[in-house]
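Residue numbers run from 1 in the order of the sequence given. Nothing here was measured: the structure is a model prediction, and the numbers come from that model.
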Amino acid sequence: AEIFSRPELTRNTPAIKIADFLAGRGRNDCEAVVRNLYPPVDMALNWLGNYATARMTGTGSCIFAAFKTRKQAELALRDMPAQFTGFVTRSLNRMP
């Protein structure tokens, strides 16, 4: 409620498909608001952004990045600060 009640939240962005968002052709309108309200989310996005393009799910309950190789993702995970938790997974384009 805190995020959605903020006057600075952009409310007129055209809708896009999730595939476009994941391809980098969109943005999460909540991100700027969340970064200002919740410094730990900002810190996590900044840290992960040193390794790959860091993105935020919805209102910031999770952040993620796509890596070219599993090894790159595992190296980032190994260097993750102690205050964060994370894991490496393989993404799916559709359910089997």
Side-chain angles (χ1 to χ4, degrees):
E2 176 70 19
I3 295 162
F4 291 107
S5 66
R6 302 301 287 207
E8 65 269 27
L9 179 62
T10 301
R11 299 175 194 283
N12 60 352
T13 301
I16 63 169
K17 296 182 185 265
I18 193 69
D20 291 328
F21 175 78
L22 293 174
R25 295 185 294 266
R27 69 175 190 272
N28 183 333
D29 289 333
C30 295
E31 186 173 324
V33 175
V34 170
R35 281 179 175 262
N36 286 327
L37 288 174
Y38 302 100
V41 176
D42 183 54
M43 288 172 40
L45 285 163
N46 289 333
W47 169 79
L48 187 56
N50 290 318
Y51 296 89
T53 301
R55 307 296 296 263
M56 187 178 83
T57 62
T59 55
S61 63
C62 184
I63 66 166
F64 65 95
F67 290 84
K68 292 185 188 281
T69 68
R70 183 175 188 90
K71 182 172 178 121
Q72 289 173 331
E74 288 172 348
L75 288 172
L77 183 65
R78 182 195 69 199
D79 293 339
M80 185 174 56
Q83 71 262 33
F84 304 138
T85 58
F87 59 91
V88 174
T89 189
R90 182 175 164 261
S91 63
L92 296 173
N93 288 333
R94 67 179 81 137
M95 296 297 291

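For the atom pair Ile63 CD1 and Trp47 CH2, the distance stands at 7.5 Å (nearest 0.5 Å). Rounded to the nearest 0.5 angstrom, Glu8 CD and Leu37 CG are separated by 7.0 Å. To the nearest 0.5 Å, atoms CZ (Arg27) and OG1 (Thr13) are separated by 4.0 Å.
A donor-acceptor pair is defined here as one N or O able to donate and one able to accept, closer than 3.5 Å; no such pair exists between the side chain of Asp42 and the backbone of Asn36.
In terms of heavy-atom proximity, Leu45 sits nearest to Arg35 at CB-NH2, 3.2 Å. Between Ala54 and Ala65, the shortest heavy-atom contact is CA-CB, 4.4 Å. The two residues Phe4 and Arg11 come nearest to each other via the heavy atoms O-NH2, 2.9 Å.
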Worksheet item: Can Arg25 and Ile16 be said to form a side-chain contact (heavy atoms from CB on, under 4.5 Å), step by step?
Response: CA-CA 9 Å; Arg25 295 185 294 266; Ile16 63 169; 5.8 Å; no

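No side-chain heavy atom of Arg55 sits less than 4.5 Å from a side-chain heavy atom of Asn28.
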Side-chain donor-acceptor contacts of residues 77-86 below 3.5 Å, not counting sequence neighbours, with atom names and distances?
{"from": "Asp79", "atom 1": "OD2", "to": "Tyr51", "atom 2": "OH", "distance (Å)": "3.3"}

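Residues Met43 and Phe64 do not share a hydrophobic cluster, clusters being chains of Ile/Leu/Val/Met/Phe/Trp/Tyr side chains in contact below 4.5 Å.
Cys30 pairs in a side-chain contact (heavy atoms from CB on, under 4.5 Å) with only one of the listed residues (Thr10, Thr57, Ile3), which is Ile3.
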